[in-house]
Amino acid sequence: MQRFIHISFVALLFILTSCNVGPQAIDYGNDGCHFCKMTIVDKVHAAEIVTKKGKIYKFDASECMINFMEDFDAAEVKSYLTNVYTEPEILVDATQATFLISKNVPSPMGAFLTAFKTKEDAQNVHEEKGGTLYTWNELLVHFKEN
């Protein structure tokens with residue numbers, strides 16, 4: 001009986017931990033971009049999609065994530081995440097971020113696209129570097145049109 005309880009407990013623990021749907025840390029220098037297949041090395045511009053089933057798609061830049069979305073069912077997505085300029089390696093909700101496209105802030109794939117956790121952070125860099133600010137939805141429209 002005690003063995004049965006132990007096996008049941010281990011099985012329950014396995015089930016509970018395998019259902020955890022959330023972001024996964026990017027292993028910079030080892031993980032590859034799901035879209036362009038380049039190795040992810042830039043700790044400021046990387047991005048990630050987490051599906052409702054827990055599948056993780058990693059990208060070396062937000063523009064790769066956006067381009068990948070063209071052929072992906074958005075209904076499957078739990079979260080869109082992006083690194084931010086002011087806190088490298090930190091993934092934040094991309095739909096709540098503010099984005100800057102500025103020729104003075106290069107990104108890995110050449111779109112000059114950088115994410116910021118707050119609008120204030122984005123505005124500060126915008127004042128110094130120039131460019132155009134976007135919300136997530138404005139950015140999606142911009143990429144669709146260009």
Side-chain angles (χ1 to χ4, degrees), residues 7-146:
I7 292 172
S8 297
F9 177 74
V10 170
L12 179 63
L13 187 61
F14 176 75
I15 290 169
L16 291 175
T17 58
S18 66
C19 294
N20 184 12
V21 177
Q24 186 179 83
I26 295 172
D27 185 4
Y28 301 94
N30 290 308
D31 284 341
C33 176
H34 194 80
F35 182 74
C36 74
K37 309 302 182 211
M38 289 177 57
T39 301
I40 303 170
V41 295
D42 189 323
K43 297 176 181 183
V44 173
H45 294 96
E48 186 171 289
I49 289 176
V50 179
T51 69
K52 292 175 182 171
K53 291 183 178 179
K55 182 149 176 64
I56 307 290
Y57 296 92
K58 297 177 183 181
F59 306 94
D60 66 341
S62 294
E63 55 260 41
C64 282
M65 177 172 66
I66 292 168
N67 289 323
F68 172 78
M69 291 166 47
E70 290 179 15
D71 298 322
F72 193 76
D73 183 4
E76 294 180 30
V77 175
K78 178 181 181 202
S79 56
Y80 299 100
L81 304 164
T82 186
N83 284 150
V84 292
Y85 187 80
T86 54
E87 298 177 69
E89 296 187 52
I90 302 296
L91 287 167
V92 302
D93 183 345
T95 66
Q96 301 301 308
T98 300
F99 294 86
L100 172 67
I101 295 179
S102 172
K103 297 282 184 187
N104 296 312
V105 185
S107 64
M109 296 306 295
F112 302 96
L113 175 63
T114 305
F116 296 84
K117 189 175 184 178
T118 68
K119 188 173 184 176
E120 181 182 10
D121 289 342
Q123 287 171 329
N124 290 338
V125 174
H126 175 254
E127 287 174 14
E128 179 186 336
K129 305 281 188 177
T132 306
L133 295 173
Y134 297 89
T135 65
W136 174 252
N137 289 330
E138 291 168 341
L139 187 66
L140 295 180
V141 169
H142 173 79
F143 268 78
K144 193 172 265 189
E145 291 175 349
N146 291 316

To the nearest 0.5 Å, how far apart are [atom1] in [X] and [atom2] in [Y]?
{"X": "Thr118", "Y": "Gln123", "atom1": "OG1", "atom2": "CD", "result": "8.5 Å"}
{"X": "Thr39", "Y": "Asp31", "atom1": "OG1", "atom2": "CG", "result": "9.0 Å"}
{"X": "Thr135", "Y": "Lys119", "atom1": "OG1", "atom2": "NZ", "result": "9.0 Å"}
{"X": "Ile101", "Y": "Ser62", "atom1": "CD1", "atom2": "OG", "result": "10.5 Å"}
{"X": "Leu133", "Y": "Phe99", "atom1": "CG", "atom2": "CZ", "result": "11.5 Å"}
{"X": "Leu100", "Y": "Phe112", "atom1": "CG", "atom2": "CZ", "result": "11.5 Å"}

Heavy-atom donor-acceptor pair, Glu48 side chain to Ile26 backbone, under 3.5 Å = no
Would you say the side-chain atoms of Lys103 pair up with the backbone N or O of Lys129, donor to acceptor, closer than 3.5 Å?
-> no
Which of these passes side-chain contact (heavy atoms from CB on, under 4.5 Å) with Leu81: Val50, Thr95, Ile49?
-> Val50
With side-chain contact (heavy atoms from CB on, under 4.5 Å) as the test, would you mind laying out the steps for Leu91 and Asn83 before giving the verdict?
-> CA-CA 5 Å; Leu91 287 167; Asn83 284 150; 3.5 Å; yes
Give me the atom names and distance for the closest heavy-atom approach of [X] to [Y].
{"X": "Ser107", "Y": "Glu63", "value": "OG-OE2, 2.8 Å"}
{"X": "Gly29", "Y": "Val41", "value": "CA-CG1, 4.0 Å"}
{"X": "Ala94", "Y": "Met65", "value": "CB-CE, 4.2 Å"}
{"X": "Ala46", "Y": "Tyr28", "value": "CB-CE2, 4.0 Å"}
{"X": "Ile56", "Y": "Gly22", "value": "CD1-O, 3.3 Å"}

Given side-chain contact (heavy atoms from CB on, under 4.5 Å), test Phe59 with Thr82 step by step and report yes or no.
-> CA-CA 9 Å; Phe59 306 94; Thr82 186; over 6 Å; no
Is the closest side-chain heavy-atom distance between [X] and [Y] below 4.5 Å?
{"X": "Leu113", "Y": "Leu139", "value": "yes"}
{"X": "Asp121", "Y": "Val84", "value": "no"}
{"X": "Met69", "Y": "Leu140", "value": "yes"}
{"X": "His45", "Y": "Met109", "value": "no"}

Does atom NZ of Lys58 have more than 12 heavy-atom neighbours, drawn from other residues, nucleotides or ligands, at distances under 6.0 Å?
-> yes
Could you name each residue pair satisfying side chain to side chain donor-acceptor pair (under 3.5 Å) that touches residues 66-81, not counting sequence neighbours?
-> none
Aromatic plane relationship, Tyr57 with Phe72 - under 30° parallel, 30 to 60° tilted, over 60° perpendicular = perpendicular
